[in-house]
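A short worksheet on the structure shown next.
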Amino acid sequence: MKRILVLLVIFTVTGVASGGFKEKFIEEFVKKPWGAPPSQESVCISCHTSDLMKEEFKEIVRQWRQSWHAKNNISCHDCHGGDPKDEKMAMSEERGFVGVPSYTEVPEFCGKCHAGVLENYYKSGHGMALKNDGTGPNCVICHGSHQIQRATIDIINEKRCSQCHTYERAKIMKQALFSTEKKITDLYDAIERLKKKGIYTEELYKEVFRTEADFRLLFHEVNVSLIKESTDDFLKRLSKIEEKTARLFSELRFRQNFSAFIMLLLAGLGIVIFLISKRGP
Amino acid sequence: MWKGIVEWLEVRIGLKDFLREQFTEYRVPPDINIFYTLGIVAFFAYIIQAVTGFFLLLYYIPHSEHAFQSVQHIMTEVPYGWLIRLMHVVGSNLMVAVVFLHLISVFIMNSYKKPRELTWVVGGLLLLTTLTFCLSGYLLPWSQLSFWATTIVTNLPTAFPYLGDWLAYLLKGSEQVSGTTLNRFFALHVAFLPPILVTLFGLHLFLVRRIGISRPPFSKNYPPPSSWTQYRHEEYPEGIPFYPSFFIKEMYMVVLYMVIMFFVITFMPTLFLPEEASIPADPYTTPLHIKPEWYFLAPYQMLKLIPNKFLGISIQLVLLFIFLFWPFFDTSDERDIRKRPLLLTVFFLTIGVWIILTIWGKYS
Ligand code: HEM
């Protein structure tokens, strides 16, 4: 017994004494959230949030942090180029830095990623006007820039559209989009609920997302008759996904009823055994 | 037919005698209480894990590229696969709870005292094996939850100088949790640990039967503590027959265990499967709220609170050592915990601190 205690004391004391030796570990263990991968903050962000920066430039990072791009890990250099790892070369043209695009350059700037949208946009009245005399709205007019959010049908509204033309035609457009848009939102809701119930929804989500993307692509031509023609197709595609979610919901109900049934059976068995045990041998 | 089989066996192995000796004539203490059934419930919980585990194994693929999909396949395509998996998942948590309760009850009744020290030590090893089972099983679905919880836990040994890095590497088979880790944990979970558990359980049960079940120390006519100088089997001629009287109580508790399991499956199917459990593992995205399982929360929080990690892990190892060999630390003859205020304080303090740390760990 005594020997054990002595051993314990030796163990603890040596432990404490050599405890400082693992600085590297402490660094990783205490200062970082547990298990976080070694992530390096972009130098664009660290500089643009520092006190050296003008308030208006700091605001850019604040806005971006709220954006849909940020949520999807699209960072400064993905659009503006440059080197986010090298402070000195961060804004060097050598490393592909492009800075701020001019008004008419904006579609090409966004179109680096949104290529399909770009193509359809140039077919639209908006795009043609921009190309011809630089008057049409570019991407940013409707979507905003750094604080960009996930696109919804509400981007089309009287205040925005009537800056350039009457709202009438835009309204017809919005109405044509409405049924498809509603179905898409409902599906995302359903998927979210399924996910909360422990169902793996990534495939379903991708399916809706792909349909939504095709739909948005088409929309950028801003052609009401085209939208009307293809709405049926989109609704059909979405209905197929809807059937899948409905099946999953009814499967979940079945599971609950089934296990409730087994639970009641077992409870009955328990009561019987309890009564037998009370009766005694 | 049935009679024929029994006769056939009777002639060869003396079945009736054996059953009489082991069941109807075997007597347990007259004042035995319901907490003495928890050991059997724990044993039964293991059987459920083994059976459901076997069925999961029919469809599970232990490879980092297929593991997640194969589990989702079990959940959605395999007929009643969801039920088997939920029984296994919920069961693993309930099982730990039952083992904890069993431990608490033998502690309160001081059943670990001479001559039952070994039973306690083997029980302690059973608990550690159980927790290793849980730890290794947690990684297998290869979800965000399993990946990051395992990253946290396999980081723990690195707090230990020299040996720690080596140990962590041995566990993971690579610097980070990876496909190799998955294979190691899979091998642990389905091949290495089961025979260890079965052996330990056999030993535990052998000790319980060989020594005889302890008498609860609370009754009025409990004999005064006597010194134990020579082996004897603790007999209870005035006790109640194990079969059917006590056996039926055990069966009742086993059914109660199953009812609780199905209650959870019916009304709280995602209790142990939060959202991250249905997202495939992604080493490049750390989820925000990953915590170890509830039974590891207290030690986890304790480690977080002690600024020097090596000190933290040393203290935990010392505590573990004290726990495993507790009967050799507590050598008094008195078994009635009500007459031992110091022990009672230690008990409530430990439970209280454990609960506080668990809650703290959960919400910090
Ligand atoms: C891991 C799974 C375990 C199983 C399946 C198990 C099973 C059992 C069974 C069937 C009994 C006999 C009946 C009873 O008293 O409940 C028993 C007794 C006992 N167990 Fe366990 N046990 C486990 C874990 C533990 C642990 C963690 C401890 C303590 C560290 C422990 C300590 C004891 C002691 C001291 C007894 C003797 C009780 C007496 O004779 O009154 N066991 N166990």
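Protein chains get the first letters and strands the later ones, always in sequence-line order, with residue 1 at the start of each.
- With a 4.5 angstrom heavy-atom cutoff, B:Leu256 does not touch chain A via any of its atoms.
- In this structure, the separation between CZ on B:Phe262 and CG on A:Leu265 is 10.0 Å, given to the nearest 0.5 Å.
- Between A:Phe254 and B:Trp82, the two ring planes are perpendicular [angle over 60°; tilted spans 30° to 60°].
- For the atom pair B:Thr266 OG1 and A:Phe261 CZ, the distance stands at 12.0 Å (nearest 0.5 Å).
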Could you go through the side chain to side chain contact (heavy atoms under 4.5 Å, CB included) check for B:Thr76 and A:Tyr200 one step at a time?
CA-CA 9 Å; B:Thr76 48; A:Tyr200 168 63; over 6 Å; no

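- Chain A is approached within less than 4.5 Å, heavy atom to heavy atom, by B:Phe267, B:Thr270, B:Glu275 from residues 267-276 of chain B, ordered by number.
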May I have the step-by-step check of side chain to side chain contact (heavy atoms under 4.5 Å, CB included) for A:Ser277 and B:Tyr252, ending in yes or no?
CA-CA 9 Å; A:Ser277 78; B:Tyr252 171 69; 5.8 Å; no

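- By a heavy-atom distance cut of under 4.5 Å, not one residue of residues 59-83 of chain A is near chain B.
- Environment of OH in A:Tyr188: crowded, with over 12 heavy atoms of neighbouring residues, nucleotides or ligands closer than 6.0 Å.
- For B:Tyr80, the part lying near chain A is the side chain, with the backbone staying farther off; criterion is any non-hydrogen pair under 4.5 Å.
- At a 4.5 Å heavy-atom cutoff, the contact between A:Ile199 and chain B is made by backbone atoms alone.
- Contacts of A:Glu202 with chain B are made by side-chain atoms alone, with heavy-atom separations under 4.5 Å and no backbone atom involved.
- Going from atom CD1 of A:Ile273 over to atom CD1 of B:Ile248 covers 6.5 Å, rounded to the nearest 0.5 Å.
- Of the atoms belonging to B:Phe147, not a single heavy atom falls under 4.5 Å from chain A.
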